S.K.: 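Following this message is one structure expressed as structure tokens.
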Amino acid sequence: MRIIKYLFLLLLLSLVALSIFIATQKGVFTVERSMIINSQRSMVFNYANDLKNWKDWNSLAVEDSLMNITYSNNTIGKGGFCYWDGKEGSGELKTINTKENDSILQTMSFNGNSADVSMSFKDTLGKTKITWKAKGRMSFLFKVKTIFDGGANKIFGRIFEKSLNHLDKRLDYEINTYNVTVNGVVKKLKAFYLAQTFTSEFSKVAKNSAIVFSKITTFCNNNDITIKGKPFAIYHTYDTTNKLTKISICIPIKNPIFITEGSEISSDTLRSFEAVKTTLTGHYSHTSKAINKTLEYLKTNKLRTDPTFSHLEIYTIGKNEINNPSKWVTEIYFPTIPKPVYKTAVAIPTTTEEMVPKAQEEKEIPSEF
């Protein structure tokens with residue numbers, strides 16, 4: 001019995017000594033990993049800068065299919081955040097600041113650990129070098145775990161390495177898989193819409209559009225305005241030399257409404273018009289290829305564009321419907337001036353042959369807009 005007491009006392013003293021040892025260990029850690037991603041820097045930055053994509057490349061989420069993730073209304077750039085609860089624990093990630101195509105600064109908490117996190121993006125011959133760094137403090141329980149599992153650098157480093165590999169594979173397929181089809185001349189039907197208009201650099205259109213779409217949708221919900229159809233954008237001007245555009249971000253609505261003067265959001269009507277339609281299936285970064293293919297079609301078929309506006313894009317299937325960029329569908333319309341039809345005098349035929357009417361142009365389905 002006395003031996004058992006001594007053994008118990010020895011075990012207790014060992015636990016106390018171990019606890020003191022752990023408590024006196026440095027609670028800070030620094031982890032850094034780098035990797036070359038086989039995609040262009042702007043694409044990598046934009047993908048990583050949207051927290052809605054986090055679950056598709058961060059190893060914590062990829063390896064936990066049942067993880068429950070909650071997102072802020074705006075997940076792109078400064079102020080965006082998400083928090084999660086999964087088999088490995090719970091945590092929160094918040095974007096503090098960003099520098100376009102250069103860096104993302106975030107704060108992260110996970111199972112009592114906290115860290116300042118940074119990602120930097122460097123162009124390297126069409127590819128991107130990402131350097132991912134975290135500096136923070138560990139909880140007591142995590143310090144215990146690090147003693148038996150190789151240290152904080154090894155544990156967090158393993159998460160970073162797996163995540164960067166997932167990011168590379170995800171981008172390689174999802175960003176670079178696309179298809180462009182020119183559908184030909186169609187007729188767009190009239191639509192009522194709410195919009196906000198601004199001038200933007202090409203590289204910032206996606207970020208600014210996401211913010212404005214969210215703002216108009218919230219406006220509709222708060223004012224019981226019925227949304228009818230998919231969101232779209234009207235490019236009033238499209239300056240490829242200076243990479244600038246004047247654009248209206250639009251939400252189609254069921255009925256026209258009156259909005260008081262001075263509001264950022266305006267109400268307008270899109271008149272019916274003829275256009276050359278092109279369908280892009282894939283990430284928005286391939287829009288320029290779809291536009292160039294449309295311009296070639298216009299030139300080949302000697303069609304004149306209507307200068308009322310440059311073109312219009314309808315986001316038929318986007319990130320709100322599916323999180324796979326390779327399956328997004330964008331319809332692009334270049335307004336055209338209808339070719340004049342000349343009527344000529346026709347002699348009364350001496351036969352009874354039936355005249356075949358000219359094939360009519362394709363019409364869009366009203367409910368899709």
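Everything quoted here is computed from the prediction, not taken from an experiment.
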S.K.: Decide side chain to side chain contact (heavy atoms under 4.5 Å, CB included) for Trp54 and Ile69; before the verdict, give the C-alpha distance in whole Å, the side-chain angles of both, and the deciding distance to 0.1 Å.
M.R.: CA-CA 10 Å; Trp54 185 82; Ile69 307 176; 4.0 Å; yes

S.K.: Can you find a heavy atom in the side chain of Glu201 that is under 4.5 Å from one in the side chain of Leu244?
M.R.: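 Counting from C-beta outward, Glu201 and Leu244 do come under 4.5 Å.
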
S.K.: Distance check, rounded to the nearest 0.5 Å: Ser310 atom OG versus Leu312 atom CG?
M.R.: 10.0 Å

S.K.: Would you say the rings of Tyr193 and Phe232 are close, in the sense that their centroids are separated by under 6.0 Å?
M.R.: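 Centroid separation for Phe232 and Tyr193: below 6.0 Å.
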
S.K.: Could you tell me whether Phe219 atom CZ has more than 12 heavy atoms of other residues or ligands within 6.0 Å of it?
M.R.: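 Check passes, neighbour count above 12.
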
S.K.: Say whether, by atom type as modelled, one donor and one acceptor occur between the side chain of Ser214 and the main chain of Ala210 under 3.5 angstrom.
M.R.: no

S.K.: Atom CG of Asn183 and atom OG1 of Thr279: how far apart are they, to the nearest 0.5 Å?
M.R.: 3.5 Å

S.K.: Could you check whether any side-chain heavy atom of Ile234 comes within less than 4.5 Å of a side-chain heavy atom of Cys250, counting everything from C-beta outward?
M.R.: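 Of all side-chain heavy-atom pairs linking Cys250 with Ile234, at least one is under 4.5 Å.
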
S.K.: In Å, rounded to the nearest 0.5 Å, how long is the span from CD of Glu174 to NZ of Lys169?
M.R.: 14.0 Å

S.K.: More than 12 heavy atoms of other residues, nucleotides or ligands under 6.0 Å from OH of Tyr173: yes or no?
M.R.: no

S.K.: Any pair with a residue in residues 55-76 that passes salt bridge (Lys or Arg N to Asp or Glu O under 4.0 Å), sequence neighbours left out, goes on the list, sorted by first then second residue, please.
M.R.: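 Passing the test, one end in residues 55-76: Asp56-Arg170, Glu63-Lys162.
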
S.K.: Hey, is Lys188 close enough to Glu331 for a salt bridge, meaning N to O under 4.0 Å?
M.R.: no

S.K.: To the nearest 0.5 Å, what is the distance between CD1 (Ile253) and CZ (Phe192)?
M.R.: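 Interatomic distance, Ile253 CD1 to Phe192 CZ, rounded to 0.5 Å: 8.0 Å.
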
S.K.: Under 4.5 Å between any side-chain heavy atoms of Leu295 and Phe334, yes or no?
M.R.: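 Counting from C-beta outward, Leu295 and Phe334 do come under 4.5 Å.
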
S.K.: Going by side chain to side chain donor-acceptor pair (under 3.5 Å), name the pairs with one or both residues in residues 239-250, residues two or more places apart or in two chains.
M.R.: Thr197-Ser248, His236-Ser248, Asp239-Asn242

S.K.: Using the test ring pair (Phe, Tyr, Trp, His ring centres under 6.0 Å), find all partners of Tyr71 that sit at least two apart in sequence or belong to another chain.
M.R.: none

S.K.: Kindly indicate whether the side chain of Leu51, heavy atoms from C-beta on, has any atom under 4.5 Å from the side chain of Gln106.
M.R.: yes

S.K.: Check each of Tyr333, Tyr238, Phe273 against His311 using the ring pair (Phe, Tyr, Trp, His ring centres under 6.0 Å) test, and report the only one that passes.
M.R.: Tyr238

S.K.: Mind checking whether Met119 and Leu171 sit in one hydrophobic cluster, side chains of I, L, V, M, F, W, Y counted as touching below 4.5 Å?
M.R.: yes

S.K.: Return the minimal non-hydrogen interatomic distance between Met43 and Ser285, and the atom names on each side.
M.R.: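 That closest heavy-atom pairing would be CE-OG, 3.4 Å.
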
S.K.: To the nearest 0.5 Å, how far apart are CE in Met35 and OG in Ser163?
M.R.: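 The OG atom of Ser163 is 11.0 Å from CE of Met35, to the nearest 0.5 Å.
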
S.K.: Angle class for the Phe29/Phe156 ring planes (parallel below 30°, perpendicular above 60°, tilted otherwise)?
M.R.: parallel

S.K.: Tell me, which pairs form a side chain to side chain donor-acceptor pair (under 3.5 Å) where one or both residues lie in residues 251-270, sequence neighbours left out?
M.R.: Lys215-Glu264

S.K.: List in chain and number order the residues that pass side-chain hydrogen bond (donor to acceptor under 3.5 Å, both in side chains) with Lys289, two or more places apart in sequence or in another chain; answer none if no residue qualifies.
M.R.: His286

S.K.: Side-chain contact test, heavy atoms from C-beta onward, threshold under 4.5 Å: evaluate it for Leu167 versus Ile130 and give yes or no.
M.R.: yes

S.K.: How far apart are the closest heavy atoms of Phe121 and Arg41, and which atoms are they?
M.R.: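 Scanning both residues completely, I find the closest heavy atoms to be O-CD, 3.5 Å.
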
S.K.: Just how far is it from atom CG of Asn53 to atom CG of Asn324, taken to the nearest 0.5 Å?
M.R.: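 If we round to the nearest 0.5 Å, Asn53:CG and Asn324:CG are 10.0 Å apart.
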
S.K.: Is there a path of hydrophobic side-chain contacts, each under 4.5 Å between heavy atoms of I, L, V, M, F, W or Y residues, that connects Tyr284 with Leu280?
M.R.: no

S.K.: Would you say Ser39 and Tyr47 make side-chain contact, with heavy atoms under 4.5 Å?
M.R.: no

S.K.: Flag the pair Phe110 / Leu93 as yes when at least one side-chain heavy-atom distance between them is below 4.5 Å, and no otherwise.
M.R.: no

S.K.: If the condition is side-chain hydrogen bond (donor to acceptor under 3.5 Å, both in side chains), which residues does Asn179 pass it with, not counting sequence neighbours?
M.R.: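 Partners of Asn179 by the side-chain hydrogen bond (donor to acceptor under 3.5 Å, both in side chains) criterion, ordered by chain and then number, come out as Thr181.
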
S.K.: If two hydrophobic side chains count as joined below 4.5 Å and joins carry through other members, does Met108 share a cluster with Ile96?
M.R.: no

